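Everything below concerns the one structure shown next.
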Amino acid sequence: MSPETATFTTMSRALLREIPDTFERAIVRDATRRPDVALARRQHARYREFLEAAGYEVEMLPGDEAHPDCVFIEDTAVIVGPRAVITRPGAESRRDEVGPVAETLGRTHDIDAIVAPGTLDGGDVMLLDGTLYAGRSLRSNDAGLTQLRDATEGLVKRMVVVPVRDVLHLKSAVQPVASDTVVVTPGTVDESLLAGLRIVHEVERGQFTALSLETGQVLVSESAPKTADAVASLGIDITTIDVSEILAADGGLTCMSILI
Ligand code: CIR
């Protein structure tokens with residue numbers, strides 16, 4: 001499959017994972033605010049409804065009480081065309097989240113996997129118009145990024161490593177809202193590495209999160225109305241959602257699904 005084909009393959013399945021009761025113990029940087037599990041589940045249900053209304057067939061994996069962060073399924077696999085790269089999450093407590101995801105994706109994809117000493121979180125990987133941007137972060141190290149480069153060779157046009165600072169993942173700092181447009185949190189990445197992309201700067205620092213679909217629809221959080229307005233003013237079709245409890249667990253809108 002050529003890089004162009006890999007990029008424009010129609011995505012129609014979404015893999016999600018239920019929120020376990022232990023979600024209130026998810027890893028958070030601000031331990032003064034714990035997510036409310038019941039409310040998080042209602043917000044997750046609306047997220048699922050949005051994907052279904054957009055035409056996605058949703059497959060919901062059961063939650064795992066031993067893994068409070070398992071709803072953040074994006075971090076466990078990176079899909080590039082026919083290949084699924086199973087990650088080795090940077091947070092040790094999340095390492096075993098990958099099992100059921102690998103099993104499910106193994107039915108439809110060639111499986112490759114990041115191995116020690118490599119670490120990689122899917123939240124650090126973004127595929128835009130054939131270019132794979134990969135964040136070097138607290139969660140994804142050089143060994144993991146080298147393995148990702150090898151696993152995707154021939155499936156992408158190029159891979160650009162983007163060091164990120166002050167945020168968890170690349171996609172906390174750089175969020176696609178169209179195939180050529182990203183919202184960037186100022187000061188978190190060297191923007192010259194994003195040359196060729198249209199950049200919108202996030203107004204409410206660290207509060208904006210988006211999920212951009214191949215249909216052109218973009219789901220954005222209610223938490224950053226000024227940034228959402230800036231995105232909408234470009235003619236992008238946005239729908240807003242309240243994901244306060246997901247944000248409280250340092251998650252965003254991409255992290256709750258793997259789109260296939
Ligand atoms: C963590 O710290 O791993 C989770 N509490 C949040 C992960 C969010 N993942 C993502 O945005 N891709």
Side-chain angles (χ1 to χ4, degrees), residues 26-30 69 72-80 85 87-95 97 114 117-152 156 158-212 220-221 223-224 227 230-231 243 246-258:
I27 307 169
V28 290
R29 282 170 305 161
D30 173 9
D69 286 288
F72 301 126
I73 192 169
E74 168 187 60
D75 291 324
T76 60
V78 174
I79 307 283
V80 182
V85 181
T87 68
R88 182 168 180 268
E92 220 170 313
S93 66
R94 301 195 58 193
R95 295 262 157 91
E97 287 177 24
I114 304 297
T119 62
L120 183 75
D121 277 13
D124 276 315
V125 186
M126 174 174 97
L127 182 60
L128 284 179
D129 195 19
T131 296
L132 194 66
Y133 296 90
R136 189 198 301 124
S137 69
L138 291 173
R139 298 289 177 84
S140 300
N141 64 16
D142 282 324
L145 297 178
T146 301
Q147 291 176 37
L148 177 67
R149 189 186 294 277
D150 292 345
T152 57
V156 298
R158 62 186 181 131
M159 182 172 126
V160 178
V161 172
V162 183
V164 301
R165 39 182 189 269
D166 297 338
V167 292
L168 188 59
H169 289 129
L170 175 65
K171 280 188 282 191
S172 319
V174 181
Q175 307 196 53
V177 289
S179 62
D180 63 349
T181 308
V182 288
V183 172
V184 175
T185 307
T188 53
V189 294
D190 173 355
E191 291 182 13
S192 70
L193 295 170
L194 307 175
L197 294 173
R198 177 166 59 173
I199 291 177
V200 176
H201 285 125
E202 187 186 38
V203 183
E204 301 92 341
R205 196 181 170 78
Q207 293 304 305
F208 179 80
T209 174
L211 175 71
S212 174
V220 304
S221 57
S223 50
T227 309
V231 172
V243 280
I246 305 304
L247 290 167
D250 296 340
L253 286 170
T254 61
C255 64
M256 294 185 286
S257 54
I258 294 173

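Bear in mind that the values here come from a model prediction, so they are computed numbers and not experimental data. For this chain, numbers begin at 1 and follow the sequence in order.
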Test of understanding: with salt bridge (charged side-chain N to carboxylate O under 4.0 Å, His left out), list the residues that count as partners of [X], not counting sequence neighbours.
X: D75; result: R94
X: D142; result: R136
X: R158; result: none

Listed by chain and number, what are the side chain to side chain contact (heavy atoms under 4.5 Å, CB included) partners of [X], not counting sequence neighbours?
X: R95; answer: R88, E92, T119
X: T185; answer: T188, E202, R205
X: A134; answer: L145, L148, M159
X: A248; answer: R33, P35

side-chain contact (heavy atoms from CB on, under 4.5 Å) evaluation trace for R139 with D124:
CA-CA 8 Å; R139 298 289 177 84; D124 276 315; 4.1 Å; yes

Which atoms form the tightest heavy-atom contact between [X] and [Y], and what is the distance?
X: N141; Y: G118; result: OD1-CA, 3.5 Å
X: V162; Y: L193; result: CA-CD1, 4.0 Å
X: V243; Y: S221; result: CG2-CB, 3.9 Å
X: I114; Y: G144; result: CD1-O, 3.8 Å
X: V189; Y: A173; result: CG1-CB, 4.1 Å
X: V220; Y: A210; result: CG1-CB, 4.1 Å

Do other residues, nucleotides or ligands put more than 12 heavy atoms under 6.0 Å from the CG atom of L138?
no

Assess whether side-chain contact (heavy atoms from CB on, under 4.5 Å) is satisfied between F208 and V231, documenting all intermediate values.
CA-CA 11 Å; F208 179 80; V231 172; 4.2 Å; yes

Going by the salt bridge (Lys or Arg N to Asp or Glu O under 4.0 Å) test, which pairs reach into residues 169-183, not counting sequence neighbours?
E74-K171

Keeping to residues at least two apart or across chains, list the salt bridge (Lys or Arg N to Asp or Glu O under 4.0 Å) pairs with something in residues 185-200.
none

If you define the side chain from C-beta out and look only at heavy atoms, does anything of [X] sit under 4.5 Å from [Y]?
X: Y133; Y: V174; result: no
X: I27; Y: D250; result: no
X: P89; Y: E97; result: no
X: T87; Y: S140; result: no

Tell me every residue that passes side-chain hydrogen bond (donor to acceptor under 3.5 Å, both in side chains) with [X], counting only those two or more places apart in sequence or in another chain.
X: T209; answer: none
X: T76; answer: none
X: T152; answer: none

L170 and V125: CA distance, side-chain angles, deciding distance, side-chain contact (heavy atoms from CB on, under 4.5 Å) verdict:
CA-CA 7 Å; L170 175 65; V125 186; over 6 Å; no

Value rounded to 0.5 Å, distance of [atom1] in [X] from [atom2] in [Y]:
X: L197; Y: S179; atom1: CG; atom2: OG; result: 9.0 Å
X: T131; Y: M126; atom1: OG1; atom2: CE; result: 9.0 Å
X: R29; Y: L168; atom1: CZ; atom2: CG; result: 5.5 Å

After noting the C-alpha distance and the side-chain angles of R149 and V161, does the key distance pass the side-chain contact (heavy atoms from CB on, under 4.5 Å) rule?
CA-CA 10 Å; R149 189 186 294 277; V161 172; 3.8 Å; yes

